[in-house]
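To keep things clear, I will list the structure first and then write my remarks on it.
Reminder, nothing fancy here: chain letters follow the sequence lines and each chain counts from 1.
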Protein chains: 2
Amino acid sequence: MAAPPRSPIGLQLARASKVVSGAFDDALAAAGGSLPVWLVLLSLKTRQPDNQRELAEAVGIQEATLTHHLNAMAAQGLLTRERDPANRRVHQVRLTGRGEDVFLRLRTAAVEFDRRLRGGIPDGELEELDRILQRLSANVSEQANDTEQGGAGGLPR
Amino acid sequence: MAAPPRSPIGLQLARASKVVSGAFDDALAAAGGSLPVWLVLLSLKTRQPDNQRELAEAVGIQEATLTHHLNAMAAQGLLTRERDPANRRVHQVRLTGRGEDVFLRLRTAAVEFDRRLRGGIPDGELEELDRILQRLSANVSEQANDTEQGGAGGLPR
DNA sequence: CACTAAACATTAGATGTCAAAGGCTATTAT
DNA sequence: ATAATAGCCTTTGACATCTAATGTTTAGTG
C-alpha cells in the first residue's frame, strides 16, 4: 500500500549494528587487534573464567569458535594454554606479557571509540537505549510466552 | 577519575543485534528461507534495481556476496538471470513463480516476527530507538567529526 | 573393577561475509 | 577504426561463525 508498515525495527537494528561494529573493528585494527581478540582479552581480564566454556560464554561465542581464536592468539604469543594438573580436562588460559601489552593498547582504542560513539548523546537517552535493547532481546528469546518482563530486567547471571 | 564502568554502548548494541537477528534467522528458516534470501527477495520486490550493484546496495552487502546468493537462488529456481540485450554488461534478475511463492511465505514470517519483536513497546519508544541508532551510526561514520566538544551542537547530516 | 555417563575441548564441514584481482562489454578519445 | 577508459559482474582467497561429530579425561554406579 501507499504507506507500508513502519520499517521493521529488526532491520534498523541490524543495519546500525553493522555500521557501528564495522567502525569498531577498524579502530581495533588500527591498534593492532580485532574484535574477537579484544573480547577474549577483556573477558580474561575482567572475569576469571575457570574453563573455556565459561570464557566462550563471556565472549558470546561458541566453544568451537573460541578454540579457533585461542589457537591464533597462542600462535601470536598473546597467551598460553596448559592442562590443569588438578583436572586434566581443563585447559588453563593465561595471558603472556605480550598479551597484557596488547590488552592495554586495545583498551585505549576501545575507550576512545566509546567516547566517539556516544558523543553528544545524553546519558539518559543511552540508558533508554539500553533498556529498549534488553526488551527487544527478551521479546524474541526462548521464553516467547508473554510480556511479564516489567521493570528492571536484571542481569542474567 | 575512575571512569564509571558504564558498559560500552557498542557492546550492548552488538549483543542485542546478535540475539535479535539470530531469532529472525530461525523464524525465516522455519518458513524455508534465510536472512539473505529474504533481503534479496524484498529488495527485488520493493525496488526495481537496474543492475546488481543497486541490488547489493539495497540489501546492504557487497556485490561479490550478492553474486554468491544469486547463484544459489537461481540453482533453487527462485529467480533467473539473463544479459540485458540493450546493455550486455547487465544481468537482469527476475523472480520466478516459485520465487514469488517463497517471497510471500517469508513475508508472512517477517511480519509475524516484527510483531513479536515490538510486542508491548510503545511506538514512541521505537521512534526514539530509531533516532538514537541513526545518531550512533552517524557518530562513527567516515565524517570524522574530530571534536565532540561543543555539546549537542551541530550534528552533521 | 569395569561400564557408563558427564564434562571439557577440538576437529570437520557449512554458511555468510569482505577485499582484491580478473574478465567481459560499452563508451569515449584520438 | 583503434586504443584507452569506465562500468558491471564474477572469481579467488581469507575470516568468523555455527552445528555436529569426535576425542580425552573424570566421576558415578553396580
### Task
Find out whether L136(B) and V19(A) are in side-chain contact, i.e. whether some heavy atom of one side chain is under 4.5 Å from a heavy atom of the other.
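When only atoms from C-beta onward are counted, V19(A) and L136(B) do not touch, as no gap falls below 4.5 Å.
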>> Taking the side chain as everything from C-beta on, heavy atoms only, tell me whether L133(A) gets closer than 4.5 Å to L13(A).
In response: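 L133(A) reaches L13(A) side chain to side chain.
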Enumerate donor-acceptor pairs with a distance under 3.5 Å from any side-chain N or O in residues 105-113 of chain B to protein atoms, sequence neighbours excluded.
residue, atom, partner, partner atom, Å
R105(B), NH1, A31(B), O, 3.1
T108(B), OG1, L104(B), O, 3.1
E112(B), OE1, R115(B), NH2, 2.8

Which pairs would a plain distance check flag for residues 49-64 of chain B, meaning a side-chain donor or acceptor within less than 3.5 Å of a matching protein atom at least two apart in sequence or in another chain?
residue, atom, partner, partner atom, Å
N51(B), OD1, R53(B), N, 3.1
N51(B), OD1, E54(B), N, 2.9
Q52(B), OE1, R81(B), NH1, 3.2
E54(B), OE1, D50(B), N, 3.0

field: Within residues 41-70 of chain B, residues whose heavy atoms come under 4.0 Å of DNA chain D
entry: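 Result for residues 41-70 of chain B: N51(B), Q52(B), R53(B), E63(B), A64(B), T67(B), sorted by number.
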Round to a whole Å and report the spacing from [atom1] of [X] to [atom2] of [N].
X	N	atom1	atom2	result
L35(A)	dT17(C)	CG	P	17 Å
H91(A)	dA7(C)	NE2	P	18 Å
R83(B)	dA26(C)	CZ	C1'	12 Å

Open item on the list: With a strict under 4.0 Å distance from non-hydrogen atoms of chain A, what nucleotide opens and what nucleotide closes the contacted stretch of DNA chain D, reading 5' to 3'?
Closed with: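 On DNA chain D, the outermost contacted nucleotides are dA16(D) to dT26(D).
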### Message
By the definition side chain to side chain contact (heavy atoms under 4.5 Å, CB included), identify the one residue from V102(B), D101(B), V40(B) that meets it with L78(B).
### Response
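Among V102(B), D101(B), V40(B), the one meeting side chain to side chain contact (heavy atoms under 4.5 Å, CB included) with L78(B) is V102(B).
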(message) Checking E127(A) now: which residues fulfil salt bridge (charged side-chain N to carboxylate O under 4.0 Å, His left out) with it, not counting sequence neighbours?
(response)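 Counting only residues at least two positions away or on another chain, E127(A) forms no salt bridge (charged side-chain N to carboxylate O under 4.0 Å, His left out).
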Review point. Which residues satisfy the salt bridge (charged side-chain N to carboxylate O under 4.0 Å, His left out) test with K45(A), sequence neighbours excluded?
Key: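 For K45(A) the salt bridge (charged side-chain N to carboxylate O under 4.0 Å, His left out) partners, ignoring immediate neighbours, are E100(A).
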- Closest nucleotide among dT10(C), dC8(C), dA26(C) to the R89(A) side chain: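 Of the options given, the side chain of R89(A) lies nearest dC8(C).
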Note to self: Tell me whether the count of non-hydrogen atoms from other residues, nucleotides or ligands lying under 6.0 Å of CZ in R131(B) goes above 12.
What the structure shows: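 Buried by this count: over 12 neighbours within 6.0 Å.
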